[in-house]
Amino acid sequence: MRSLKVSDVMWNHIEPVRCGTPLTKVVKTLLTNHVTGLPVVDDQRRVLGFVSEQDCIHSLLVSSYHCEGDPIVDDVMFRQPLTISPEMSVVDLAQNLGAGKPKVYPVVDHGKLVGIVTRTAILSELARTGCGLELPKYASADED
């Protein structure tokens with residue numbers, strides 16, 4: 001368990017959000033992938049920000065109420081997201097998780113996004129490998 005790295009549990013199949021993306025498209029991406037947030041990247045996959053469900057809810061509510069059209073991700077994204085290395089230990093990351101911390105971390109290698117890791121993925125891996133815990137039949141360490 002000590003040698004398990006973020007790269008072992010991260011997702012690298014989710015396409016990140018690009019700057020300029022309409023928020024309605026961001027929401028569809030979040031819902032389709034069952035994640036609470038995603039990194040926002042430029043054309044070179046450098047992480048420029050992070051957008052969460054909460055950011056989208058507030059912005060879409062305000063824009064709908066005032067009939068202001070479709071906002072874009074740049075208007076609502078958090079511009080200083082916490083990122084982690086694919087070489088970071090899963091145990092170290094788990095010890096740093098807590099209230100107010102992100103539920104989704106962008107994984108960055110050499111300045112470029114290579115994946116994301118979720119709290120759910122960390123929890124699933126800890127349950128799978130630690131203390132003889134048994135996952136219920138409907139849960140899997142491969143799901144988020």
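Bear in mind the structure is a predicted one, so any value in this text is a computation, not a measurement.
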(request) Search all heavy atoms of L126 against all heavy atoms of A94 and return the closest pair with its distance. (result) CD1-CB, 4.0 Å

(request) Look up atom CG in D109 and atom CD in E87, then write down how far apart they are to the nearest 0.5 Å. (result) 7.0 Å

(message) Could you measure the distance from the CD atom of Q80 to the CG atom of L48? Nearest 0.5 Å is fine.
(response) 12.0 Å

(request) Please name the pair of heavy atoms, one in M77 and one in C19, separated by the smallest distance, quoted to 0.1 Å. (result) CE-SG, 4.5 Å

(message) D42: which residues meet the salt bridge (charged side-chain N to carboxylate O under 4.0 Å, His left out) condition with it, sequence neighbours left out?
(response) R46

(message) Show the nearest heavy-atom pair for residues P39 and P16, with the distance to one decimal.
(response) O-CB, 3.9 Å

(message) Return the CG to CD distance between L4 and E125, rounded to the nearest 0.5 Å.
(response) 5.0 Å

Please tabulate, one pair per line, all N/O donor-acceptor pairs under 3.5 Å involving side-chain atoms of residues 55-62, not counting sequence neighbours.
unit_1	atom_1	unit_2	atom_2	d
D55	OD2	S52	N	2.9
D55	OD2	S52	OG	3.1

(request) Compare all side-chain heavy atoms of R79 with those of D74 and state whether any distance is below 4.5 angstrom. (result) yes

(message) Please give me the minimum heavy-atom distance between R18 and D43, naming the atom from each residue.
(response) NH1-CA, 4.0 Å

(request) Run the numbers on F50 and I116 for side chain to side chain contact (heavy atoms under 4.5 Å, CB included), then give the verdict. (result) CA-CA 11 Å; F50 191 86; I116 62 170; 5.9 Å; no

(message) Rounded to the nearest 0.5 Å, what separates atom CE in M88 from atom OG1 in T83?
(response) 10.0 Å

(request) State, to 0.1 Å, how close N33 and I14 come at their nearest heavy-atom pair, and which atoms those are. (result) OD1-CG1, 3.7 Å

(message) For the NZ atom of K28 and the NZ atom of K25, what is their distance to the nearest 0.5 Å?
(response) 9.5 Å

(message) Are there over 12 heavy-atom neighbours, none belonging to Q44, within less than 6.0 Å of that residue's CD?
(response) yes

(request) Without swapping roles, check the side chain of N96 against the backbone of L93 for a donor-acceptor pair under 3.5 Å. (result) no

(request) Report yes if some heavy atom in the side chain of V90 is under 4.5 Å from a heavy atom in the side chain of D8; otherwise report no. (result) no

(message) Tell me the closest heavy-atom pair linking E15 and T29, and the distance in Å.
(response) O-CG2, 4.5 Å

(request) Run the numbers on I84 and V117 for side chain to side chain contact (heavy atoms under 4.5 Å, CB included), then give the verdict. (result) CA-CA 9 Å; I84 58 175; V117 68; 3.3 Å; yes

(request) Flag yes if F78 and V73 sit in one hydrophobic cluster, no otherwise; membership is Ile, Leu, Val, Met, Phe, Trp, Tyr, and two members link when side-chain heavy atoms are under 4.5 Å apart. (result) no

(request) Decide yes or no on side chain to side chain contact (heavy atoms under 4.5 Å, CB included) for L38 and L30, but give the supporting numbers first. (result) CA-CA 7 Å; L38 285 170; L30 292 172; 3.8 Å; yes

(message) Using a 4.5 Å cut-off between side-chain heavy atoms of Ile, Leu, Val, Met, Phe, Trp and Tyr, which other residues end up in the same hydrophobic cluster as V41?
(response) V47, V108, L113

(request) Check whether any side-chain heavy atom of V114 lies under 4.5 Å from a side-chain heavy atom of N12, and answer yes or no. (result) no

(message) Could you check whether any side-chain heavy atom of T36 comes within less than 4.5 Å of a side-chain heavy atom of V104, counting everything from C-beta outward?
(response) yes

(request) Evaluate side chain to side chain contact (heavy atoms under 4.5 Å, CB included) for V35 paired with W11, printing each intermediate quantity in order. (result) CA-CA 11 Å; V35 292; W11 290 5; 3.6 Å; yes

(request) Verify, without hydrogens or angle tests, whether R45 (side chain) and G111 (backbone) share a donor-acceptor contact under 3.5 angstrom. (result) no

